[in-house]
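Report on one structure; see the data block that follows.
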Amino acid sequence: MKAPLPSTGPSFLRTQRKPLVLIPACNRMLGYHPFFVAGQKYVDAARLAGAIALVVPSVPIEEIDALLDMADGILLTGSPSNVHPSHFGETVHDESLPLDPVRDGWTLPLIPRALSRGIPLFAICRGFQEANVALGGSLHQAVQEVPGQNDHRGRTDGTAEIQYDFAHEVEVIPGGALDAILDQRIFRVNSVHGQGVNRLAPGLRVEARAPDGLIEAFSLPGDTFNLCVQWHPEWQAAQNPISTKLFQAFGAACQAYHDRRRQPAPDR
Ligand SMILES: N[C@@H](CCC(=O)NCCCC(=O)O)C(=O)O
């Protein structure tokens, strides 16, 4: 019988077979106290991808490289909080909406470093917006107030099922990374966002658009999975064939990164 894998220290990383996907947490006040939080549906989707999900509290910038040394993938989640507009040269448009400057402070520098290492990255909703801003793009702070754009916010007058129900179609741009993963170019998605891509960062590739032309997916340069989507594929991912394909592709990329980087320790 094989000895159990060591459960601590770098040797565990060398012999762990499954890829490790880091999920940066959000920062919330619960009562009088600050907490690190992440949606369970993201952890469930990372596991659906075949990875070990590791929710990570905010770290000082000087610790980001040490964190990335452990990562085989990064899953940037959605959040009700907005990316602070100062990161794209604007002032806050609606003071009533939540922000998370602590998350901004480490995910924005994390993204280019992960990209430079070729670590697979799957960015969802707020994560999609962070990736665009981190690489030099900008956001509409209120898509619904932009002439010609629809209201992409989710309903808040019912259940999560209502909030995350299908809201509109997206059309995949032929020949790109998203097109290579899916066998469908038009499909319906949920929509739970008030911000959206205004100026796409240099070097990013549009992968899908909504009927009003809003960018709904883009990819980052590089030869690994690095898709960023505005909708929520993690929502009931196992029951949605499009979402399952996306997370399986993400998981395969993380496994490949893991296998390349961490050969199992020789049998003792
Ligand atoms: N606050 C931003 C991003 C919206 C977003 O991520 N919504 C999802 C919230 C909860 C979840 O994680 O599912 C915006 O409004 O554009």
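First listed ligand is number 1; within each ligand, the first listed atom is number 1. Fair warning: this is a prediction, and the values are worked out from it, not measured in the lab. When a residue number appears, it is its place in the shown sequence, counting from 1. Note that these values count all heavy atoms, side chains included, but never hydrogens, waters or copies made by symmetry.
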Legend entry - Of Leu22, Ile23, Thr107, Ile124, the residue whose pairing with Leu76 passes side chain to side chain contact (heavy atoms under 4.5 Å, CB included):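 Testing Leu76 for a side chain to side chain contact (heavy atoms under 4.5 Å, CB included) against Leu22, Ile23, Thr107, Ile124 leaves exactly one candidate, Thr107.
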Legend entry - Option from His168, His232, Gln230 for which side chain to side chain contact (heavy atoms under 4.5 Å, CB included) with Ser191 holds: His168
Inset, instruction - Identify which of Arg153, His232, Gln230 has a heavy atom lying nearest to atom 8 (C) of ligand 1. - result: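 Closest candidate by heavy-atom distance is His232.
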Legend entry - From the candidates Cys26, Ala142, Ser79, the one that places a heavy atom nearest atom 6 (O) of ligand 1: Ser79
Before accepting this row, confirm whether a basic side-chain N of the pair [X]/[Y] lies closer than 4.0 Å to the acidic partner's carboxylate O.
| X | Y | result |
| --- | --- | --- |
| Glu169 | Arg188 | no |
| Arg28 | Asp100 | no |
| Asp72 | Arg261 | no |

Which residue and non-hydrogen atom of the protein lie closest to [atom], and at what distance in Å?
| atom | answer |
| --- | --- |
| atom 2 (C) of ligand 1 | Asn82 OD1, 3.2 Å |
| atom 13 (O) of ligand 1 | Tyr164 OH, 2.4 Å |
| atom 12 (O) of ligand 1 | Tyr42 OH, 2.6 Å |

Inset, instruction - Check whether any side-chain heavy atom of Leu68 lies under 4.5 Å from a side-chain heavy atom of Ile74, and answer yes or no. - result: yes
Nitrogen or oxygen atoms of [X] and ligand 1 under 3.5 Å apart:
| X | answer |
| --- | --- |
| Ile124 | no |
| Gln195 | yes |
| Gly194 | yes |

Inset, instruction - Please identify which atoms of ligand 1 are closer than 4.0 Å to at least one heavy atom of Lys41. - result: 11 (C), 12 (O), 13 (O)
Inset, instruction - Could you tell me how the ring of Phe225 sits relative to the ring of Phe122: parallel (under 30°), tilted (30 to 60°) or perpendicular (over 60°)? - result: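 Rings of Phe225 and Phe122: perpendicular, as their planes differ by over 60°.
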